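Read through the structure below, which is laid out as structure tokens, and then see the notes.
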There are 2 protein chains.
Amino acid sequence: MDNAALAEAVRRGERRALARAITLVESGRADHRAAATDLLARLADPSRQALRVGLSGTPGVGKSTFIDALGLHLTAQGLKVAVLAVDPSSARSGGSILGDKTRMERLSRDPAAFIRPSPAASQLGGVARRTREAVSLCEAAGFDVVLVETVGVGQSETMVAQLVDVFVLLLAPAGGDELQGVKRGIMESADILLVNKADGDLAAEARRTAADYAGALRLLRKRPQDPDGYPLALTVSAATGAGIDIAWDAVTRLADLRRAAGILNRTRAEQARHWFAEELRAEMLTLLTRDPDLKARLARLEEDVAAGRTTPAAAAAEALRPLAATPPPGLDASPESP
Amino acid sequence: MDNAALAEAVRRGERRALARAITLVESGRADHRAAATDLLARLADPSRQALRVGLSGTPGVGKSTFIDALGLHLTAQGLKVAVLAVDPSSARSGGSILGDKTRMERLSRDPAAFIRPSPAASQLGGVARRTREAVSLCEAAGFDVVLVETVGVGQSETMVAQLVDVFVLLLAPAGGDELQGVKRGIMESADILLVNKADGDLAAEARRTAADYAGALRLLRKRPQDPDGYPLALTVSAATGAGIDIAWDAVTRLADLRRAAGILNRTRAEQARHWFAEELRAEMLTLLTRDPDLKARLARLEEDVAAGRTTPAAAAAEALRPLAATPPPGLDASPESP
């Protein structure tokens, strides 16, 4: 299937075509990358947009059960739901999250849902770039909601925050001073905190935890563009389904408020600029390291900088000498120049 | 004065030479940049290190008075203190912080202190790069403590956190739900919160505010490398000097704990790697935009990306076509290659 046919099949929402397209954007091979870039350009369509929701939480907090329950809640309303995972550790562990679709047993059998495990890229930056492109593909395929799941133990959530409209953090019920292994940066990114396992013996503890976090959030952070009441802390039970509807209403209400205020589109434009800068940076590094000797030189310079033997500016100038020595070939090749 | 003589004068701690060297690293001119890179390389000396302390706080919280009091507390102990400011808004406002040395009236007359206003660069990234180099120059000049001051209302504190050992946030006494205009990211970066104006009528309120923040901090963030008790919230009065000694002890104790645990040097090495990557990125962009037509093309591509008319990857590939078309000239110019 050529790219034109693949693009058409993705646009028709064919799941196998979507899976194949995502495999293409995840590939590290140079020819695949060129084909992926072409495919994405064919599918670029600002009018096809999903609600992009980030979801983070430490292992054991019940993310899979929660996504299973939330996904079914959404497909029951007639919505098409895609679930993508970002887990930089999966390259080493062989896929620690979403490697097994039985993690979301009911949702994975739902024809209105599409579940995709984390790409096995070696670098977080690479994972995030490819995940952003996978989100675009899901939107082009006509999904209404794209959930981007990440394990809240690294820097991945900061990157995920750069590709979603609303960010949800799932927490376990826990006493006031317990820290749940949540790393710095996540609290900053979360629009909505959900304390899970609000059922049975833990219900009261979950409510107490949500109240604690609500107070702390009000004290410690407030974005000027946040509507009244956000960031918000609620309780849910992924096991019984209690609170899932209220949590989803909070997500869509926030998205609606941001859309009405013009913030949603502005944020997406800013995110696109961010990813353009990231792509530029990554591709420039690729140019710089496509020669193995240059690459080794770059690594040596980095170590010299880390050890204080040279300065960042001097090392950067040294690293770029090969490119800087070659003046760009002018604009003859650029058709859009006057 | 040539660069060798200037480097010698800086190393001897001559204030006029230091001021001149900082002016050189702040300059945007290409020949100045080359000279600055050379000067910094001459002065690179891992054995000369100051304690680098970041200080942030919203306007009106009393930063100038606090730095005045803290600076005098330090010089009274025989320490040499440099104060640098990072204020990306100063380019527009004509220097809103530290533009006037009367802001720190007593400290500015102290021969053991050196005060430098914010550079008038047009971009935050540029300000941060140049400030990092100014910190290096102050270290080379033999200062024991370098305070990097930033207005806590933008993204500057995230950058400042990448160039200091300990980050202090100054807050005003305020009721529990009051938010003080502190932006996201700052709380994440702060190692020590100081509630200022703990004097007279506000003393009790300041203590209450510190207790509130201490609780919220314990709940919302904890870095695995933080020693017990940190992040810490204390009260001070810049006006009466009360608590300044305890606050400084907390700063040095944290630095000592981090040094003993090997974290200080590891963090500095990571910061140096970060700035190397930033320099590489900035210099690569300079390569890409030194031609005005290429620069205009890049701006057009960025707008196309923001509007969703093309994808970040396609736009980046397009932007880099002129550089990519030119293979690097090999390693003939690189003496250290085999």
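Below, chain A is the first sequence line, B the second, and so on; all start at residue 1. Because the structure is a prediction, the values reported are computed rather than measured.
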Inset, instruction - State, to 0.1 Å, how close A:L320 and B:E283 come at their nearest heavy-atom pair, and which atoms those are. - result: CD1-CB, 3.2 Å
Legend entry - Proximity breakdown for B:Q271 and chain A, heavy-atom pairs closer than 4.5 Å: neither
Legend entry - Within-4.5 Å side-chain heavy-atom neighbours: A:L298 and B:L280: yes
Legend entry - Heavy-atom pair count under 4.5 Å with chain A, highest-scoring of B:A41, B:A315, B:A44: B:A315
Legend entry - Portion of B:R268 that has a non-hydrogen atom of chain A nearer than 4.5 angstrom: neither
Legend entry - B:A307, part contacting chain A, at a heavy-atom distance under 4.5 Å: backbone
Inset, instruction - Identify which of B:L40, B:T286, B:D38 forms the greatest number of heavy-atom pairs closer than 4.5 Å to chain A. - result: B:L40
Legend entry - Contact summary for B:R281 and A:M284, nearest pair of heavy atoms: O-CE, 4.4 Å
Inset, instruction - For chain B, find which of A:A313, A:A36, A:A272, A:A319 contributes the most heavy-atom pairs closer than 4.5 angstrom. - result: A:A313
Legend entry - Structural part of B:E303 lying under 4.5 Å from a heavy atom of chain A: side chain
Inset, instruction - Against chain A, work out which of B:A316, B:S136, B:G308 has the most heavy-atom pairs shorter than 4.5 Å and name it. - result: B:A316
